[in-house]
Structures are given as structure tokens and as C-alpha cells.
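Working notes, beginning with the structure itself.
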Amino acid sequence: MLNTLIMKILLSLFTLILFTESCNSTKAASTDSRESYTDSTANILEITDKNATLNKFKDGIFLIYKALSRGTFIFVEISETEVLVSSDRNFINKDKYSCEKGDWEELNKLLEKVNRETFTELEAPTNQRLFDGAAHATLTIKEGGEEITTSSFDHGSPPEVIMDLVNKVLSIKENVIKQ
């Protein structure tokens with residue numbers, strides 16, 4: 001009788017340990033698959049972002065303005081020699097125009113006024129984008145292998161510090177499309 005009781009206790013302990021280990025390995029596998037999913041999603045976003053720049057990255061300066069919402073997509077990339085414009089999220093349809101020397105000089109003057117150290121920390125003056133009242137917009141400066149991007153702001157209401165720069169970028173876009 002005592003032997004049977006000891007056997008039952010040992011069997012119960014063995015079963016408990018077996019189930020506990022089984023649950024831990026399932027939990028680890030679940031965590032690994034979640035991390036794998038997160039990694040692959042991050043890779044997709046990174047690839048998409050790399051494809052968003054239509055020019056091959058050169059040592060020159062590029063200004064990239066993006067605005068998007070459910071029904072809107074605006075992409076403008078300006079370099080010293082050209083202006084790329086697309087309203088196609090997949091960048092299948094894109095238009096290339098030459099950048100006027102006077103426009104580029106004016107952009108450079110406006111860029112000189114921008115404090116690049118606080119560029120990424122600019123606060124949006126309005127928050128309509130948070131409830132689909134406006135498209136999310138960002139402005140990116142690429143120069144010499146470095147890239148800095150503003151935080152999101154409402155399309156049409158950029159932070160005061162970069163308002164003239166954003167308006168000039170959008171003005172150039174409108175002017176080249178009219179040509």
C-alpha cells in the first residue's frame with residue numbers, strides 16, 4: 001500500500017514537471033514567432049522606406065516631402081537638378097522634372113535657417129491628422145549620408161519653423177506640374 005502511494009506521488013510529480021516544461025517551450029516558441037513577425041514587419045517597412053526615395057542616394061542634398069492619408073498620397077523629392085513627384089503609393093507612376101536654379105538657391109537659403117539638431121523634435125501646431133482631418137506629413141533632409149525627418153504634422157499646417165521651407169517645396173511641386 002505504501003509503495004502504491006509513493007508511486008502515485010512520483011507519477012504525479014513527474015507529470016506536473018512534464019506539463020510545466022511543455023508549457024514553457026510553447027511559450028518560448030510563441031515569443032520567438034512573435035519576434036520573427038516583428039522583425040519581418042520591420043524589414044518590410046525599412047525596404048518600403050528605402051524604395052520611397054526614388055533617386056539613388058548621392059552626396060548632394062535632397063528634400064523629401066511626404067503626405068498621406070486614406071485618400072491622399074503626395075511625394076515630392078527635390079535635389080539640385082531634379083524634382084520627382086508621385087501621387088502613387090507604389091511609385092509606379094512618377095514624374096521627373098528639372099529643378100530651376102533659382103528655386104534651388106531659395107531652398108538652400110531656407111535650409112540654412114533650419115536648426116538640424118532640433119529638426120526631429122518639431123511639434124505640430126495642429127492635430128487634425130489624428131482623426132483623419134488632415135493627411136500626415138513629414139519633411140526629410142538627406143545630406144552627405146545622413147537623413148533627418150520631422151515628426152508627423154498636418155499637411156497644410158507645418159511647424160512654424162519650417163513653414164517657409166515646406167511651402168517652397170510644395171510651390172515647386174505645383175509649378176513643375178503646370179509646365
Side-chain angles (χ1 to χ4, degrees), residues 37-38 40-55 57-58 60-179:
Y37 173 76
T38 303
S40 67
T41 303
N43 288 341
I44 289 169
L45 292 174
E46 183 179 327
I47 289 167
T48 303
D49 196 44
K50 284 180 182 175
N51 288 338
T53 301
L54 301 176
N55 262 323
F57 188 73
K58 302 173 190 167
I61 298 174
F62 292 86
L63 287 171
I64 302 166
Y65 180 83
K66 294 183 218 176
L68 60 123
S69 67
R70 285 187 226 176
T72 303
F73 183 79
I74 299 168
F75 178 89
V76 183
E77 181 181 274
I78 303 175
S79 70
E80 184 175 2
T81 58
E82 62 188 22
V83 179
L84 294 168
V85 178
S86 182
S87 58
D88 175 18
R89 292 175 194 266
N90 298 316
F91 297 104
I92 295 170
N93 299 317
K94 53 191 174 278
D95 298 310
K96 186 189 286 190
Y97 307 93
S98 62
C99 183
E100 298 293 325
K101 187 175 182 174
D103 286 336
W104 184 248
E105 289 171 358
E106 191 173 341
L107 277 176
N108 274 314
K109 286 178 186 174
L110 293 170
L111 267 173
E112 288 174 7
K113 297 177 184 177
V114 173
N115 182 349
R116 307 223 179 152
E117 292 178 15
T118 60
F119 191 74
T120 60
E121 300 164 5
L122 296 175
E123 290 190 28
T126 57
N127 291 314
Q128 294 178 357
R129 69 195 176 286
L130 301 178
F131 57 86
D132 289 342
H136 291 259
T138 58
L139 181 66
T140 302
I141 301 171
K142 286 189 170 190
E143 180 178 18
E146 291 188 36
E147 178 178 326
I148 54 173
T149 302
T150 62
S151 54
S152 180
F153 56 88
D154 292 347
H155 173 62
S157 297
E160 185 75 31
V161 176
I162 60 169
M163 185 176 290
D164 292 338
L165 184 59
V166 168
N167 288 340
K168 183 60 182 175
V169 167
L170 293 175
S171 170
I172 291 171
K173 172 198 164 255
E174 291 301 319
N175 288 336
V176 296
I177 290 174
K178 288 179 185 177
Q179 293 177 359

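Start at 1 with the first residue, then count along the sequence.
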Using modelled atom types only, decide if a donor and an acceptor are shared between the side chain of Asp154 and the backbone of Gly156 within a distance under 3.5 Å. no
Apply the side-chain contact (heavy atoms from CB on, under 4.5 Å) test between Val83 and each candidate in Leu63, Val76, Ile177; give the one that qualifies. Val76
Take Leu84 and Phe62, measure what side chain to side chain contact (heavy atoms under 4.5 Å, CB included) needs, and give me the verdict at the end. CA-CA 11 Å; Leu84 294 168; Phe62 292 86; over 6 Å; no
With rounding to the nearest 0.5 angstrom, report the NZ to CD distance, Lys178 to Glu174. 6.5 Å
Let me see the working for Leu122 and Phe153 under side chain to side chain contact (heavy atoms under 4.5 Å, CB included), right down to the final yes or no. CA-CA 9 Å; Leu122 296 175; Phe153 56 88; over 6 Å; no
Could you measure the distance from the OG atom of Ser69 to the CD atom of Gln128? Nearest 0.5 Å is fine. 12.0 Å
Contacts of Ser157 meeting side chain to side chain donor-acceptor pair (under 3.5 Å) (sequence neighbours excluded), chain-then-number -> none
Tightest non-hydrogen contact, residues Phe119 and Leu139, listed as CE2-O, 3.4 Å
Can you sort out the partners of Asp95 under salt bridge (Lys or Arg N to Asp or Glu O under 4.0 Å), two or more places apart, ordered by chain and number? none
Taking every heavy atom of Leu68 against every heavy atom of Phe73, the minimum-distance pair comes out as CB-CD1, 4.0 Å
Side-chain contact test, heavy atoms from C-beta onward, threshold under 4.5 Å: evaluate it for Arg116 versus Glu143 and give yes or no. yes
Interatomic spacing from CD1 in Ile78 to CG in Leu107 - rounded to 0.5 Å: 5.5 Å
Determine, stepwise, if the pair Tyr97 / Ile172 fulfils side chain to side chain contact (heavy atoms under 4.5 Å, CB included). CA-CA 10 Å; Tyr97 307 93; Ile172 291 171; over 6 Å; no
To the nearest 0.5 Å, atom CD of Glu80 lies from atom CD of Glu105 at 9.0 Å
With sequence neighbours excluded, tell me which residues meet side chain to side chain donor-acceptor pair (under 3.5 Å) with Ser151. none
Of all residues at least two apart in sequence or in a different chain, which pass the side chain to side chain donor-acceptor pair (under 3.5 Å) check with Arg89? none
So which heavy atom on Arg129 is nearest to which on Ala135, and how close? CB-O, 4.1 Å
Are Asn175 and Glu100 packed together at the side-chain level, in the sense that at least one heavy-atom pair is separated by less than 4.5 angstrom? no
Does His155 have any ring pair (Phe, Tyr, Trp, His ring centres under 6.0 Å) partners at least two apart in sequence or in another chain, and if so, which? Tyr65
For the student: nearest non-hydrogen atoms of Thr138 and Thr150, plus distance: CA-OG1, 3.6 Å
Asp88 and Ile92: which non-hydrogen atoms are nearest, and at how many Å? OD2-N, 2.8 Å
Which pairs of donor and acceptor atoms, one on a side chain in residues 159-171, lie under 3.5 Å apart (sequence neighbours left out)?
from, atom 1, to, atom 2, distance (Å)
Asn167, ND2, Met163, O, 3.3
Lys168, NZ, Asp103, OD1, 3.0
Lys168, NZ, Glu106, OE1, 3.2

Atom OG of Ser86 and atom NZ of Lys96: how far apart are they, to the nearest 0.5 Å? 13.0 Å
